[in-house]
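Lettering follows sequence order; numbering is per chain, from 1.
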Amino acid sequence: MTIDWNNFTPWASLAGGILLGLASAMFILVNGRILGISGIIGGLLRPKSGDVGWRLAFLLGMLVAPLLYLLLAGPAVVRIDAGWATLVIAGLLVGVGTRFGSGCTSGHGVCGLSRLSPRSLVATLAFMGAGFVTVYLARHALAG
Amino acid sequence: MKHRISEFAVGLLFGIGLILSGMTDPGKVIGFLDLAGAWDPSLALVMGGAILVGVFAFALAKKRTTTFLGGALHLPSARDIDKRLLAGSLLFGAGWGLAGFCPGPALVSLGGGEAKAAVFVLAMLTGMAIFEWSEGRVHGNKKPHSIHKAPVTRPLDTSFSVAGYLQPGDMAAMAAQGFASVINNLPDGEGGSAQALSRDIEQAAQAVGVHYVYLPVIAGAITPAQVRAMREALNTAPAPVLAFCRSGARSAQLYTLSQGPA
């Protein structure tokens, strides 16, 4: 293993992580909800009365975030190497997987681990492990 | 409206955090997941920073029963580690590694106008819809073991009735009978794992617009504090009220005590 020092951004990543933690903290303590993106989106596919407004308000905030970031700090780097077909397959896997697994990077990875939930620890180890293996296969083992 | 604004603000803060941290750049995510190549450990610090704050917030949340605004605190209660959790998380991880997108960052990049993120989000929504469809099929095909009869309610007063054990599925029928509030006097777990949990009954009650109070009491061991809580619940809950336990006897006894001298 070699460390990619050129792309290493410890301070920005740590500061960004702290903002994610603060947002999760506010969401549970002020709004009473777990900040888990897949669950918040998934709940809209089987809507219940009185359970839609908060989801839409939160998701709208996320959609507007890039605009605010652009105004404050300039354009963000987004490098999407995956082709269209890969994006569709990956999207389907992420959609099905996060719902069957009851969470994603935010719900299990941030909130679940912060709650010291063994269930979320298992989920996080599983999706991180699968991510490592997938990238290894795609970039090294199967790459021509 | 106050709630909607704060939820919007939290979404905005979370989105900014994702962009600043580098999570919205799939190239960086794959750099982190690529242990065999030139490894960029930045994203470990994202999770570390988030949990550093989160641990304190959730420790505080566990000690509270309501939010700072006085609303309900929805903490997860699922604890089971099963095949479903594992298989789902493995599929998610594979998709995450393929494109470098997980749900939150994909949504933020969609907001930033990335066409590829839009395609990913569309496929993700399709995946979630497939999950809902398969859930519906599983539950829809399940034949009920026995036909559950509508529970019998017994009026003790013009605006108060009692009933035996009620399940989440009974709440719609109780709402149709005109009850505005349901008080559950049956402790969770008393009847073993077959008994519905209070939170599920609460959810079903709220879904049909019925006010819900959980006030568990043990048969033959009703305390003065519980009698006071019952009086309080009867004073504040919209009428007519229906209380239930296993047979209805405890609820009736609690009601009688609550109508006595304070």
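Counting heavy-atom pairs closer than 4.5 Å to chain B, the top-ranked of the candidates Ala57(A), Ala76(A), Ala126(A) is Ala57(A). With chain B as partner, the option from Gly83(A), Gly112(A), Pro66(A), Ala82(A) having the largest number of non-hydrogen pairs under 4.5 angstrom is Pro66(A). Interface remark: of the candidates Leu35(A), Leu19(A), Val94(A), Val94(A) forms the most heavy-atom pairs closer than 4.5 Å to chain B. Interface check for chain A: of the options Ile19(B), Leu90(B), Leu13(B), Leu69(B), the most heavy-atom pairs under 4.5 Å are formed by Ile19(B). Listed options Gly209(B), Gly100(B), Ala117(B), Ala78(B) were ranked by heavy-atom pairs under 4.5 angstrom with chain A; first place goes to Ala78(B). With chain B as partner, the option from Leu116(A), Leu93(A), Val133(A), Leu60(A) having the largest number of non-hydrogen pairs under 4.5 angstrom is Leu93(A). Looking only at heavy-atom pairs under 4.5 Å with chain A, the residue among Gly17(B), Ala106(B), Ala9(B) that has the most is Gly17(B). Highest contact tally toward chain A, considering only Gly48(B), Gly37(B), Gly71(B), Ala207(B), is held by Gly37(B) [criterion: heavy-atom pairs under 4.5 Å]. The greatest number of non-hydrogen atom pairs below 4.5 Å with chain B, out of Ile89(A), Ile41(A), Val110(A), is found for Ile41(A). Ranked by non-hydrogen atom pairs under 4.5 Å with chain A, the options Pro103(B), Gly15(B), Ala57(B) are led by Pro103(B). Most heavy-atom pairs under 4.5 Å with chain A: of the set Gly70(B), Gly112(B), Ala36(B), Cys102(B), this distinction falls to Ala36(B). Among the candidates Gly50(A), Gly36(A), Ala25(A), Gly101(A), the residue making the largest number of heavy-atom pairs closer than 4.5 Å to chain B is Gly101(A).
Residue contact with chain A, scored on non-hydrogen atoms closer than 4.5 Å, is absent for Leu122(B). Heavy atoms closer than 4.5 Å to chain A are found in the side chain of Val119(B), but not in its backbone. For a residue to count as touching a neighbouring chain, one of its non-hydrogen atoms must lie under 4.5 Å from one of that chain's; by this rule Ala87(B) does not touch chain A. If you measure heavy-atom distances from Ile40(A) to chain B, you find no contacts under 4.5 Å at all. For chain A, no part of Phe56(B) is nearby; none of its heavy atoms comes within less than 4.5 Å. For Ala72(B), the part lying near chain A is the backbone, with the side chain staying farther off; criterion is any non-hydrogen pair under 4.5 Å. Looking at Ile5(B), neither its backbone nor its side chain comes within 4.5 Å of chain A, counting heavy atoms on both sides. The contact between Phe58(B) and chain A is made entirely by side chain atoms (from C-beta outward), counting heavy-atom distances below 4.5 Å. When heavy atoms are compared at a cutoff of 4.5 Å, Ile30(B) approaches chain A by way of both its backbone and its side chain. For a residue to count as touching a neighbouring chain, one of its non-hydrogen atoms must lie under 4.5 Å from one of that chain's; by this rule Leu14(A) touches chain B with backbone and side chain alike. Interface remark: Ala138(A) contributes no atoms to any contact with chain B (heavy atom separation under 4.5 Å).
Applying the side chain to side chain contact (heavy atoms under 4.5 Å, CB included) rule to Ala61(B) yields the partners Ile28(A), Leu29(A), Leu73(B); only residues at least two apart in sequence or on another chain are considered. In this structure, the side chain to side chain contact (heavy atoms under 4.5 Å, CB included) partners of Ala90(A), at least two apart in sequence or on a different chain, are Leu98(B), Ala99(B), Phe120(B). Leu68(A) pairs by the side chain to side chain contact (heavy atoms under 4.5 Å, CB included) definition with Leu72(A), Leu12(B), Ile16(B), not counting sequence neighbours.
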>> Using the rule given for side-chain contact (heavy atoms from CB on, under 4.5 Å), can you reason through Leu60(B) versus Phe68(B), listing the C-alpha separation, both sets of side-chain angles and the distance that settles it, and then say yes or no?
In response: CA-CA 11 Å; Leu60(B) 181 60; Phe68(B) 291 159; 4.0 Å; yes
> Are Ile80(A) and Phe101(B) close enough, and set up right, to give a side-chain contact (heavy atoms from CB on, under 4.5 Å), and what steps lead you there?
Replying inline: CA-CA 9 Å; Ile80(A) 310 174; Phe101(B) 269 136; 3.8 Å; yes
> When you look at Met174(B) and Leu166(B), which way does the side-chain contact (heavy atoms from CB on, under 4.5 Å) test go after all the steps?
Replying inline: CA-CA 9 Å; Met174(B) 294 303 107; Leu166(B) 295 181; 4.2 Å; yes
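Minimum interatomic distance between Leu92(A) and Gly127(B) (heavy atoms only, all atoms of both residues): CD2-N, 3.8 Å. Here the closest heavy-atom approach between residue Ala44(B) and residue Phe32(B) is recorded as N-CE1, 3.7 Å.
In this structure, Leu59(A) and Leu107(B) have side chains that are in contact, with non-hydrogen atoms separated by less than 4.5 Å. No side-chain heavy atom of Ile81(B) sits less than 4.5 Å from a side-chain heavy atom of Leu86(B). Two residues are said to be in side-chain contact when any heavy atoms from C-beta on lie closer than 4.5 Å; Leu242(B) and Ser181(B) fail this criterion. Contact annotation: the side chain of Leu45(B) approaches that of Phe8(A) to within less than 4.5 Å [non-hydrogen atoms, C-beta and beyond]. When side chains are defined from C-beta on, Val64(A) counts as touching Phe8(B), because their heavy atoms get closer than 4.5 Å. Looking only at side-chain heavy atoms (C-beta outward), Pro26(B) and Val78(A) come within less than 4.5 Å of each other.
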Using atom types as modelled and no hydrogens or angles, find all donor-acceptor pairs between chain B and chain A shorter than 3.5 Å.
| residue | atom | partner | partner atom | Å |
| --- | --- | --- | --- | --- |
| Ser6(B) | OG | Asn31(A) | ND2 | 2.7 |
| Ser21(B) | O | Ser13(A) | OG | 2.8 |
| Asp25(B) | OD1 | Arg79(A) | N | 2.8 |
| Asp25(B) | OD1 | Arg79(A) | NE | 3.4 |
| Asp25(B) | OD2 | Arg79(A) | NE | 3.0 |
| Asp25(B) | OD2 | Arg79(A) | NH2 | 2.7 |
| Gly27(B) | N | Arg79(A) | O | 3.0 |
| Lys28(B) | NZ | Asn7(A) | O | 2.7 |
| Lys28(B) | NZ | Thr9(A) | OG1 | 3.1 |
| Asp34(B) | OD1 | His140(A) | NE2 | 2.7 |
| Asp34(B) | OD2 | Arg139(A) | NH1 | 3.0 |
| Gly37(B) | O | Thr2(A) | OG1 | 3.4 |
| Trp39(B) | N | Thr2(A) | O | 2.7 |
| Trp39(B) | O | Asp4(A) | N | 2.6 |
| Ser42(B) | OG | Thr9(A) | N | 3.0 |
| Ser42(B) | OG | Thr9(A) | OG1 | 3.4 |
| Ala50(B) | N | Gly17(A) | O | 3.2 |
| Lys62(B) | NZ | Arg115(A) | O | 2.8 |
| Thr67(B) | OG1 | Val30(A) | O | 3.4 |
| Phe68(B) | N | Leu29(A) | O | 2.8 |
| His74(B) | N | Gly32(A) | O | 2.8 |
| Asp80(B) | O | Arg119(A) | NH1 | 2.7 |
| Lys116(B) | NZ | Ile80(A) | O | 3.4 |
| Lys116(B) | NZ | Ala82(A) | O | 2.9 |
| Glu132(B) | OE1 | Arg46(A) | NE | 2.9 |
| Glu132(B) | OE1 | Arg46(A) | NH2 | 2.8 |
| Glu132(B) | OE2 | Arg99(A) | NH2 | 3.4 |

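You'll find the ring centres of Phe14(B) and Phe27(A) outside the 6.0 Å limit.
If you take SG on Cys111(A) and CD1 on Ile34(A), they are separated by 5.0 Å, rounding to the nearest 0.5 Å. Within the model, atoms CZ of Phe58(A) and CG of Leu63(A) stand 10.0 Å from one another, a figure rounded to the nearest 0.5 Å.
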